[in-house]
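Everything on this sheet refers to the single structure shown next.
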Amino acid sequence: KAGVTQTPRYLIKTRGQQVTLSCSPISGHRSVSWYQQTPGQGLQFLFEYFSETQRNKGNFPGRFSGRQFSNSRSEMNVSTLELGDSALYLCASSFTSNTEAFFGQGTRLTVV
Amino acid sequence: GENVEQHPSTLSVQEGDSAVIKCTYSDSASNYFPWYKQELGKGPQLIIDIRSNVGEKKDQRIAVTLNKTAKHFSLHITETQPEDSAVYFCAASIGLEAGNMLTFGGGTRLMVKP
């Protein structure tokens, strides 16, 4: 069974630009969660999508958004990039609520 | 909201020794506690988890204990090997109401010296 796939693995963007990251969950999983990982703040929850609906949202500005498609694939978008958005963005896939979450390898975003 | 504290931040052990990492959580409604191992350049890997209706769970050299009264849980690794070297994260979830939202501890860098 294939794991969680995140694309791209690496991205370099300029301040003010926007970026879209993609996540394909494990086959059959309906929940996709996104996390930001930085050396200073650690792993922080961004949002979760389940059956195309955002179920929970972390404490991040509105520049961070996401969506989920009918095949459970998810995208997250960051608009008006800031230097502080440089981080590893991780996607986690779960079968349903409150079940084991399996992470992808992440997308390393660098904002210059 | 939930707050998870993890100690120590770094841990160095000799190969074959045991390693213990401890976490405390603040929200008594939390009922699911996974542990993740993250190697350099990779995403976190789920290694073991425990739910609040269980006090201890073992999987080969790894065990997790949970004390709901004190609101803390621990990861125990016995007979450590160099390949156990990684960063370990504990996490807590409030359960169905919170969907799959995990609150993570700050991480423990484990170094196993051959």
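Naming: A, B, ... by sequence-line order, numbering from 1 per chain.
Remark: A:Arg15 CZ is loosely packed, at most 12 non-hydrogen atoms of other residues, nucleotides or ligands lying under 6.0 Å away. Surrounding CG of A:Asn59 are at most 12 heavy atoms belonging to other residues, nucleotides or ligands under 6.0 Å away. Within 6.0 Å of CD in B:Gln60 there are 12 or fewer heavy atoms belonging to other residues, nucleotides or ligands. More than 12 non-hydrogen atoms from other residues, nucleotides or ligands lie less than 6.0 angstrom from NZ of A:Lys57. Other residues, nucleotides and ligands place no more than 12 heavy atoms under 6.0 Å from the CG atom of B:Leu40. When the shell of 6.0 Å around CZ of A:Phe60 is examined, it contains more than 12 heavy atoms from other residues, nucleotides or ligands.
Only the side chain of A:Tyr35 has a heavy atom closer than 4.5 Å to any heavy atom of chain B. Proximity to chain B (any heavy atom under 4.5 Å) is shown, for A:Leu46, by neither the backbone nor the side chain. At a 4.5 Å heavy-atom cutoff, the contact between A:Leu43 and chain B is made by backbone and side-chain atoms alike. Neither the backbone nor the side chain of B:Pro34 comes within contact range of chain A; no heavy atom of the residue lies under 4.5 Å from a heavy atom of that chain.
Linking ILVMFWY side-chain heavy atoms closer than 4.5 Å, directly or via other members, places A:Met76 and A:Tyr10 in two distinct hydrophobic clusters. A:Val4 and A:Phe95 fall into different hydrophobic clusters, where Ile, Leu, Val, Met, Phe, Trp and Tyr are joined by side-chain heavy atoms under 4.5 Å apart, directly or via other members. Each of B:Val4 and B:Tyr36 belongs to its own hydrophobic cluster when Ile, Leu, Val, Met, Phe, Trp and Tyr are linked at side-chain heavy-atom distances under 4.5 angstrom. With hydrophobic clusters built from ILVMFWY side chains whose heavy atoms lie under 4.5 angstrom apart, B:Ile62 shares a cluster with B:Val54. B:Met101 and B:Phe33 fall into different hydrophobic clusters, where Ile, Leu, Val, Met, Phe, Trp and Tyr residues are linked whenever their side-chain heavy atoms come under 4.5 Å apart, directly or through other members.
Within residues 66-89 of chain B, the residues having any heavy atom closer than 4.5 Å to a heavy atom of chain A are B:Phe89, listed by residue number. Residues of residues 103-112 of chain A placed with any heavy atom under 4.5 Å of a heavy atom in chain B are listed by number as A:Phe103, A:Gly104, A:Gln105.
Atom CD of B:Gln38 is separated from atom CD of A:Gln37 by 4.0 Å, given to the nearest 0.5 angstrom.
Within the structure, disulfide bond (SG atoms under 2.5 Å apart) pairs that include any residue of residues 8-112 of chain A comprise A:Cys23-A:Cys91 (at least two apart or interchain).
The most heavy-atom pairs under 4.5 Å with chain B, out of A:Gly42, A:Ser94, A:Gly58, come from A:Ser94.
Contact between A:Ala101 and B:Leu46 at its shortest, heavy atoms only, is O-CB, 4.2 Å. Looking at every heavy atom in both residues, A:Phe45 comes nearest to B:Leu102 through CB-O, 4.1 Å. Taking both residues in full, the closest heavy atoms of B:Arg51 and A:Thr99 are given as NH2-CA, 3.9 Å, listed atom of the first, atom of the second, then distance.
Residues meeting the side-chain contact (heavy atoms from CB on, under 4.5 Å) test with A:Arg67, sequence neighbours left out: A:Phe69, A:Glu75.
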